A.B. asks: 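Below are the structure tokens for one structure; questions will follow.
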There are 2 protein chains.
Amino acid sequence: MDTDDTLLLDNQLCFALYGLSRKMTSLYRPLLKPLGLTYPQYLVMLVMWEEQVGTSESTLLGVSVQFLGDRLLLDTGTLTPLLKRLEKQGLLTRSRDSSDERRLCVRLTDAGLDLRERAQAVPVSMLCKSPVAPGDLLVLQAELMGLLKKFK
Amino acid sequence: MDTDDTLLLDNQLCFALYGLSRKMTSLYRPLLKPLGLTYPQYLVMLVMWEEQVGTSESTLLGVSVQFLGDRLLLDTGTLTPLLKRLEKQGLLTRSRDSSDERRLCVRLTDAGLDLRERAQAVPVSMLCKSPVAPGDLLVLQAELMGLLKKFK
DNA sequence: TGAAATTATATTGTGCACAATATAATTTTG
DNA sequence: CAAAATTATATTGTGCACAATATAATTTCA
């Protein structure tokens with residue numbers, strides 16, 4: 001590629017990532033709106049469901065902001081207000097960890113747990129919107145996840 | 001994939017896109033800061049440079065908000081304030097198109113044109129940060145651009 | 001031609017992202 | 001043990017994104 005060409009928008013990997021990421025979020029939006037969730041809120045709920053569904057002990061333990069941040073690559077400046085909104089919606093509770101008062105203990109409420117049932121349809125609906133074969137998406141997903149880990 | 005597995009964060013293509021896109025932006029940040037640009041501002045400048053470098057006619061004609069929005073997949077709610085910031089920085093001018101007063105005429109200033117020289121180093125520096133071979137990135141870029149067009 | 005529809009941009013309001021800083025609890029160390 | 005360093009979360013401020021709405025210019029067409 002010519003030096004000049006590197007400044008062309010169409011030659012920029014990062015613009016493709018940026019554009020496609022926003023496009024995907026816009027496809028999620030109508031699916032998540034009935035659940036009362038934004039896409040980042042949905043991601044937080046995914047982590048919470050992973051941690052607290054089935055395991056009654058971790059429901060008691062709760063999840064820290066740091067844990068959520070590590071999983072989602074987000075900092076407290078993003079998570080703190082987001083978690084407050086989910087709390088206000090009644091999907092989770094925020095309380096201090098009694099063994100370390102610095103830590104926050106995020107726990108799903110019953111409503112938060114129940115929401116998982118309705119969320120089951122979301123990935124399926126997303127797949128239906130894809131103009132590409134699911135297999136191709138799986139390949140791409142593996143590539144991107146690998147890249148994300150290498151860059152992280 | 002099991003139905004339950006579709007709700008796992010690691011199985012979500014869109015989370016990989018979302019995370020990787022933000023990771024890339026964070027790698028751009030220190031490179032763009034000396035230029036006084038954010039990543040979306042940099043993208044606008046890329047389009048402006050494509051349109052107005054070398055072609056003296058289009059410098060006269062200028063570029064509309066709609067054109068920028070079509071290229072970058074952004075709407076006026078994002079672009080209008082962003083363009084005002086670039087104007088305040090002296091990189092471009094915003095004036096009405098005399099043949100159609102609805103249209104805005106965005107033009108690079110001399111400072112905006114000059115900034116392109118310093119921006120030449122940005123794509124090179126980004127490549128240096130990559131833990132992956134440039135060839136692999138090119139392949140991925142082509143895949144993502146193709147997908148972006150199919151989804152659009 | 002003039003009212004209705006369309007088009008281009010701007011504005012408002014909400015919710016991320018993230019740097020920088022603040023605060024308070026815990027741990028480390030002198 | 002107490003001061004210093006570290007850790008976890010919260011707050012502040014700026015700049016996107018984007019839906020919804022507003023405004024004003026242009027076009028369409030009855």
Side-chain angles (χ1 to χ4, degrees), chain A residues 14-15 17-30 32-33 35-45 62-70 72-89 91 94-106, chain B residues 14-15 17-30 32-33 35-45 62-70 72-89 91 94-106:
Chain A
C14 296
F15 173 67
L17 279 170
Y18 167 76
L20 202 51
S21 174
R22 285 186 300 117
K23 179 65 195 174
M24 290 302 141
T25 302
S26 78
L27 294 179
Y28 269 110
R29 203 165 290 121
L32 295 178
K33 190 166 186 178
L35 310 186
L37 296 175
T38 65
Y39 182 63
Q41 288 169 4
Y42 170 69
L43 293 179
V44 167
M45 294 303 288
V63 168
S64 70
V65 175
Q66 186 177 358
F67 182 84
L68 290 169
D70 286 346
L72 301 175
L73 313 177
L74 292 170
D75 71 0
T76 71
T78 302
L79 285 173
T80 295
L82 190 156
L83 290 170
K84 285 182 177 178
R85 284 178 210 113
L86 291 178
E87 183 184 36
K88 196 185 293 186
Q89 290 181 46
L91 296 177
R94 297 182 338 119
S95 58
R96 290 290 154 179
D97 183 335
S98 54
S99 74
D100 184 343
E101 290 285 333
R102 290 172 306 182
R103 284 176 174 279
L104 199 72
C105 223
V106 181
Chain B
C14 296
F15 173 67
L17 280 169
Y18 166 78
L20 202 51
S21 174
R22 286 186 301 118
K23 180 65 194 174
M24 291 301 143
T25 303
S26 78
L27 295 178
Y28 268 111
R29 204 166 290 121
L32 295 177
K33 189 166 188 181
L35 309 185
L37 297 175
T38 65
Y39 183 63
Q41 289 169 5
Y42 170 69
L43 293 179
V44 167
M45 293 303 287
V63 167
S64 69
V65 174
Q66 187 178 354
F67 181 84
L68 290 170
D70 286 346
L72 301 175
L73 313 177
L74 291 171
D75 70 1
T76 70
T78 302
L79 285 172
T80 296
L82 190 156
L83 290 170
K84 285 182 177 176
R85 284 178 211 114
L86 291 177
E87 183 184 36
K88 197 185 290 186
Q89 289 181 46
L91 296 177
R94 298 181 337 120
S95 59
R96 290 289 155 180
D97 183 337
S98 54
S99 75
D100 184 343
E101 290 285 333
R102 291 172 303 182
R103 285 176 173 278
L104 198 73
C105 224
V106 182

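In what follows, every chain begins at residue 1, and chains take the letters A, B, ... in the order their sequences are listed. What you are looking at is a predicted structure, and each value in this text was computed from that prediction instead of being measured.
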A.B. asks: Identify whether any heavy atom of B/Tyr18 sits under 4.0 Å from a base atom; if not, whether one sits that close to sugar-phosphate; answer base, sugar-phosphate or nothing.
C.D. replies: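 Here B/Tyr18 touches the backbone only, sparing every base.
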A.B. asks: When you compare the side chain of B/Val44 with that of B/Leu79, does any pair of heavy atoms fall below 4.5 Å?
C.D. replies: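 Yes, close enough: below the 4.5 Å cut-off.
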A.B. asks: Can you measure A/Leu68 atom CG to C/dC16 atom C1' for me and round it to whole angstrom units?
C.D. replies: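 The answer, rounded to whole Å, is 16 Å.
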A.B. asks: Taking side chain to side chain contact (heavy atoms under 4.5 Å, CB included) as the test, write out the residues that go with B/Asp100, two or more places apart.
C.D. replies: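 With neighbours one apart ignored, the set is B/Arg102, B/Arg103.
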A.B. asks: What's the spacing between A/Leu20 CG and A/Met24 CE if we round to 0.5 Å?
C.D. replies: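 Rounded to the nearest 0.5 Å, the CG-CE separation comes out at 4.5 Å.
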A.B. asks: Considering non-hydrogen atoms only, spot the tightest contact between B/Leu72 and A/Arg22 and give its length.
C.D. replies: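 Scanning both residues, the minimum pair turns out to be O-NH2, 3.0 Å.
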A.B. asks: For the residue pair B/Leu43 and A/Tyr18, what are the closest heavy atoms and their distance?
C.D. replies: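 Smallest interatomic distance, heavy atoms only, reads CD1-CE2, 3.4 Å.
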A.B. asks: CG of A/Leu73 versus P of C/dC18: gap in Å, rounded?
C.D. replies: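 One finds 9 Å between P of C/dC18 and CG of A/Leu73, rounded.
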A.B. asks: Both B/Tyr39 and A/Arg29 contact DNA chain D. Which one's nearest nucleotide lies toward the 5' end?
C.D. replies: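 Its nearest nucleotide lies further toward 5', so the answer is B/Tyr39.
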A.B. asks: Over how many whole Å does the gap from A/Leu43 atom CG to C/dC16 atom P extend?
C.D. replies: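 Result: 11 Å.
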A.B. asks: Less than 4.5 Å apart, side chain to side chain, heavy atoms only: is that true for B/Met45 and B/Leu86?
C.D. replies: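 Yes, side chains in contact.
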A.B. asks: Using side-chain hydrogen bond (donor to acceptor under 3.5 Å, both in side chains) as the criterion, list what pairs up with A/Asp97, not counting sequence neighbours.
C.D. replies: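 Checked A/Asp97 against side-chain hydrogen bond (donor to acceptor under 3.5 Å, both in side chains); matches are A/Ser99.
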A.B. asks: Base, sugar-phosphate or nothing for A/Ser64? Non-hydrogen atoms, less than 4.0 Å.
C.D. replies: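 Since only primed, P, OP1 and OP2 atoms lie under 4.0 Å of A/Ser64, the category is sugar-phosphate.
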A.B. asks: Whole Å only: how far is the CG atom of B/Leu72 from the P atom of D/dC18?
C.D. replies: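 That distance rounds to 12 Å.
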A.B. asks: What's the separation between atom OG1 in B/Thr78 and atom CG in B/Leu68, rounded to the nearest 0.5 Å?
C.D. replies: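 Rounded to the nearest 0.5 Å, the OG1-CG separation comes to 12.0 Å.
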A.B. asks: Round to the nearest Å and state the distance from B/Leu74 atom CG to C/dC16 atom C1'.
C.D. replies: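 Taking atom C1' of C/dC16 as the reference, CG of B/Leu74 is at 15 Å.
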A.B. asks: The helix from C/dT1-D/dA30 to C/dG30-D/dC1: angle between its terminal axes, five pairs each, to 10°?
C.D. replies: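 Inter-axis angle at the termini of the helix from C/dT1-D/dA30 to C/dG30-D/dC1: 0°.
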A.B. asks: Would you tell me if any nitrogen or oxygen in the side chain of B/Arg22 comes within less than 4.0 Å of OP1 or OP2 on C/dC18?
C.D. replies: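 True: B/Arg22 side-chain N/O within range (under 4.0 Å) of C/dC18 OP1/OP2.
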A.B. asks: Using a 4.0 Å heavy-atom cut-off, write out nucleotides 10-15 of chain D from 5' to 3' as B (base contacted by protein), S (sugar-phosphate only) or - (no contact).
C.D. replies: BB---S
A.B. asks: Starting at the 5' end of nucleotides 24-29 of chain C, put B wherever the base has a protein heavy atom under 4.0 Å, S where only the sugar-phosphate does, and a dash everywhere else.
C.D. replies: -BS---
A.B. asks: Mind checking ring pair (Phe, Tyr, Trp, His ring centres under 6.0 Å) for A/Tyr42 and listing every partner two or more places apart, or none if nothing turns up?
C.D. replies: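 Per chain and number, A/Tyr42 pairs via ring pair (Phe, Tyr, Trp, His ring centres under 6.0 Å) with A/Tyr28.
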A.B. asks: Hey, could you give me the SG/CZ distance between B/Cys105 and B/Arg94, rounded to the nearest 0.5 Å?
C.D. replies: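 That separation rounds to 11.5 Å.
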A.B. asks: Provide, to the nearest angstrom, the distance between the NZ atom belonging to A/Lys23 and the C1' atom belonging to D/dC18.
C.D. replies: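 Between C1' of D/dC18 and NZ of A/Lys23: 13 Å.
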A.B. asks: Could you tell me which non-hydrogen atom of B/Leu73 sits nearest to which non-hydrogen atom of A/Gly19, and how far apart they are?
C.D. replies: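 Heavy atoms of B/Leu73 and A/Gly19 come nearest at CD1-CA, 4.5 Å.
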